[in-house]
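Atoms within each ligand, like the ligands themselves, are counted from 1 in listed order.
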Amino acid sequence: MKLQGAELRRIRMPLVAPFRTSFGVEHERDVLLLRVVTDDAEGWGECVALSDPRYSSEYVDGAADVLRRYLIPALAAVPHLDAPAVAPALAQFRGHRMAKAALETAVLDAELRAQGRPLARELGAVRDRVPCGVSVGIMTDLGRLLDEVGRYLDAGYVRIKLKIQPGWDVEPVRAVRERFGDDVLLQVDANTAYTVADARHLARLDPFGLLLIEQPLDEEDLLGHAALARLLTTPVCLDESITSAKSAADALTLGACAVVNIKPGRVGGYLEARRVHDVCVAHGVPVWCGGMLETGLGRAANVALAALPGFTLPGDTSASERYYRTDVTEPFVLDDGHLPVPTGPGIGVTPLPDRLAEVTASTEWLPL
Ligand SMILES: CSCC[C@@H](NC(=O)CCC(=O)O)C(=O)O
Ligand SMILES: [Mg+2]
């Protein structure tokens, strides 16, 4: 393939409700979508970077800038472009994994659409639907939390994840256990809000039979997570710390985690995400697919990834309505707690033109 041009599109997606984590509150997603035009086909990629550099160092304006000035021009120089050629062509630029992931995904989507191959098949999916968990934000009071958890369980979600932070951790977990029982699959996500000095406090979560505690410490503190893992019975899962297959191998070798949350945007794309999966499977470590409040475009690709054999825990692959009143694609609708794996070529979905126009804030065409 030869890259002929690329469109950077910013869309504004209001959330159905504010989503609060230990690093802030999201009311609306300012999403960067990428459409690449090649001589064979077009392809779509969604950049998962948030508006501000609070989850990681990336943010959406920075991703747009690095794509416009460095990443897209670098691909224009590749004579025979295909998805495996993207990462090597971009390796000269440091970091910016979410921006690189969006670009690689768009190239992969175009390549697979041209071949008529679904992404799930390309990645090695073994399932045609995936069980879905849901992420529940930090609330103002326990009553509202329990109402929201009850609604998600009634909707059929097979796993509940609670966002936690100092001052909102043991009590919400206890309240959910007391109201919904010990059989509900339950986990927590701290988004780096604690330090290893909080180990004794975090051990108070151990009696509640959690599946895992996600990213309790700073993303660079692998040794702290290894020390914490020795003090807790709840398995430690890493999210922000795992930025590549190599970093997954390092974390596992150090005993820093027993479970890995795989997010394609965080690790630089779906091809690296598969490598992270393969490393974890080789170590006998379960993985699950994390989420970044993706629209149906990123959601479709995540559901394909979540169908790989090592994804043995329910992911944050919720229905479109968890976050959006109207998605930019046909909505993903929960069916008996599962989402179907897209079967169309490439990521298997495309934006609905009218809906895309409604939410578009800006478009920028980069001729190459
Ligand atoms: C805006 S918070 C995004 C990062 C967070 N993601 C979720 O909690 C799941 C979000 C989703 O369902 O897409 C995480 O650290 O795992
Ligand atoms: Mg997380």
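The OD2 atom of Asp239, the Mg ion (ligand 2) and the OE2 atom of Glu214 define an angle of 90° (nearest 10 degrees).
The residues Arg151 and Asp147 are annotated as not salt-bridged, no charged nitrogen and carboxylate oxygen being separated by less than 4.0 angstrom. Salt bridge status for Arg274 with Asp278: absent, with no side-chain N to carboxylate O gap under 4.0 Å.
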At less than 3.5 Å, what protein N or O atoms come close to the N or O atoms of ligand 1? Include the distances to 0.1 Å.
from	atom 1	to	atom 2	distance (Å)
ligand 1	6 (N)	Gly291	O	2.9
ligand 1	8 (O)	Ser135	OG	2.8
ligand 1	8 (O)	Lys161	NZ	3.4
ligand 1	8 (O)	Lys163	NZ	3.0
ligand 1	12 (O)	Tyr323	OH	2.8
ligand 1	13 (O)	Met292	N	3.3
ligand 1	13 (O)	Leu293	N	2.8
ligand 1	15 (O)	Lys163	NZ	3.2
ligand 1	15 (O)	Asp189	OD2	3.1
ligand 1	15 (O)	Asn191	ND2	2.7
ligand 1	15 (O)	Asp239	OD2	3.1
ligand 1	15 (O)	Lys263	NZ	3.3
ligand 1	16 (O)	Lys161	NZ	2.9
ligand 1	16 (O)	Asp189	OD2	3.1
ligand 1	16 (O)	Glu214	OE2	3.4
ligand 1	16 (O)	Asp239	OD2	3.2
ligand 1	16 (O)	Lys263	NZ	3.1

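Counting only heavy atoms from C-beta outward, the side chains of Ser135 and Tyr323 approach each other to under 4.5 Å.
Between Arg9 and the options Val359, Leu356, Leu34, a side chain to side chain contact (heavy atoms under 4.5 Å, CB included) holds for only Leu356. Tested against Arg159 for a salt bridge (Lys or Arg N to Asp or Glu O under 4.0 Å), the candidates Asp183, Asp316, Asp189 yield a single pass: Asp316.
Judged as a ring-ring contact (aromatic ring centres under 6.0 Å, His included), and not counting sequence neighbours, His225 has no contacts.
For CD of Glu122, the number of neighbouring non-hydrogen atoms (other residues, nucleotides, ligands) closer than 6.0 Å is greater than 12.
Atom OD2 is the N/O/S atom of Asp189 found closest to the Mg ion (ligand 2).
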